[in-house]
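Here is the structure we will look at, set down as structure tokens.
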Amino acid sequence: VMQESGGTRKTIEAGIAAAVLRGAWVTVLLTVIAMPLATAAGLLLAIARISPRAWLRRSSIAYITVVRGTPLLVQIFLAYFTLPPLGQWLYAHGPSLLQAVLDPLGGPAFLTLPPLLVGAACLAANYAAYEAEVHRAGLEAVPAVQWDAARALGLTRAQALRHVIAPQGVRIAMPAIVNDLNSLIKDSCLVSVIGVSDLLSVCLGIGKSRFTVPEMMVTAAIVYLVLSIAGDLLGHWLERRLRARGYASGSTHAKGAHP
């Protein structure tokens, strides 16, 4: 095998470093898209979970149970391979008005989405179920006197949730949310199975092409570790800020934690 010259080797190493950085950026992008969506959707699910309306409670419980009870990898495959034929079926069997609306969006291919978007949506939908339980624990940790004070001010249940209970519950749940952020960073590697060029996909591709899979896996692990440490630092900073404002860490349960 022809040996690489010094200049060629440096060029190759620079190219590998640039590719790894691009993969890391995709991983960060997936996290930045998915985590806010999961947090917001989880709060809505948590509010539905404690709603006095039975149909809202049951719908929320059903979603949380199904999503938490099935593997994320299965959900990714299901969404990626089900959405395109579903879009074609809806377009073919929908009324002419629906077809006219969908034509500018791609017609029968309107649900054939880029892998990055499908992956981010699956991560958000999956983590929303876990964030729902985190938010529920945060909401339930708010002292009952806060509900009494809101009612004394003449606020409705919805107004009390929006202006009094939810802000405090989110603050209490924040450390657990940040912990789940670290989990999502690592779980984002699963979207590589549908062709997303994230950190794992890039490192694995380089490793296979250059017969350096172990070395590239170590590289990927180091980058994931750096991202996780950054998440931990963010979590500690948020906890200090919350503690300084008089909000103790609530007994919320992050993903993977046992109640």
When you compare the side chain of [Y] with that of [X], does any pair of heavy atoms fall below 4.5 Å?
X	Y	answer
S197	R22	no
M35	E131	yes
V193	L73	yes
V164	L153	no
V202	M216	no
C189	L199	no
I206	T219	no
M217	L204	yes

Is there a donor-acceptor contact under 3.5 Å from the side chain of [X] to the main chain of [Y]?
X	Y	result
Y130	I64	no
H135	I177	no
T70	V66	yes
T156	Q159	yes
S201	D198	no
R57	R49	no
S60	L45	yes
Q99	P95	no

Practice task
Verify the neighbour count for atom CZ of R58: are there more than 12 heavy atoms of other residues, nucleotides or ligands below 6.0 Å?
Solution key: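 Count not over threshold, so no.
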Rounded to the nearest 0.5 Å, how far apart are [atom1] of [X] and [atom2] of [Y]?
X	Y	atom1	atom2	answer
C203	Y224	SG	OH	7.5 Å
I16	E215	CD1	CD	10.5 Å
R157	I47	CZ	CD1	9.0 Å
T31	D187	OG1	CG	10.0 Å
L116	L29	CG	CG	5.5 Å
L37	L123	CG	CG	10.5 Å

Any chain of hydrophobic side-chain contacts (each under 4.5 Å) joining [X] to [Y]?
X	Y	value
L78	V67	no
V26	L225	no
I33	Y80	yes
L117	L190	yes
V218	V20	no

Practice task
Decide side chain to side chain contact (heavy atoms under 4.5 Å, CB included) for L139 and I50; before the verdict, give the C-alpha distance in whole Å, the side-chain angles of both, and the deciding distance to 0.1 Å.
Solution key: CA-CA 9 Å; L139 294 174; I50 63 174; 3.9 Å; yes
Exercise for the section: Check each of L105, L98, D103 against Y91 using the side-chain contact (heavy atoms from CB on, under 4.5 Å) test, and report the only one that passes. Expected result: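 Of the listed residues L105, L98, D103, the side-chain contact (heavy atoms from CB on, under 4.5 Å) partner of Y91 is D103.
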What heavy-atom pair brings [X] and [Y] nearest, and what distance separates the two atoms?
X	Y	result
P104	A100	CD-O, 3.3 Å
V134	A173	CG1-CB, 3.6 Å
A120	L30	N-CD2, 3.8 Å
A34	L184	CB-CD1, 4.1 Å
T112	P84	OG1-CB, 3.6 Å
Y63	A125	OH-O, 2.7 Å

Practice task
Let me see the working for W147 and L155 under side chain to side chain contact (heavy atoms under 4.5 Å, CB included), right down to the final yes or no.
Solution key: CA-CA 9 Å; W147 285 101; L155 299 181; over 6 Å; no
Problem - salt bridge (Lys or Arg N to Asp or Glu O under 4.0 Å) assessment of E133 paired with R136 - result: CA-CA 5 Å; E133 293 301 283; R136 181 174 67 88; 2.8 Å; yes
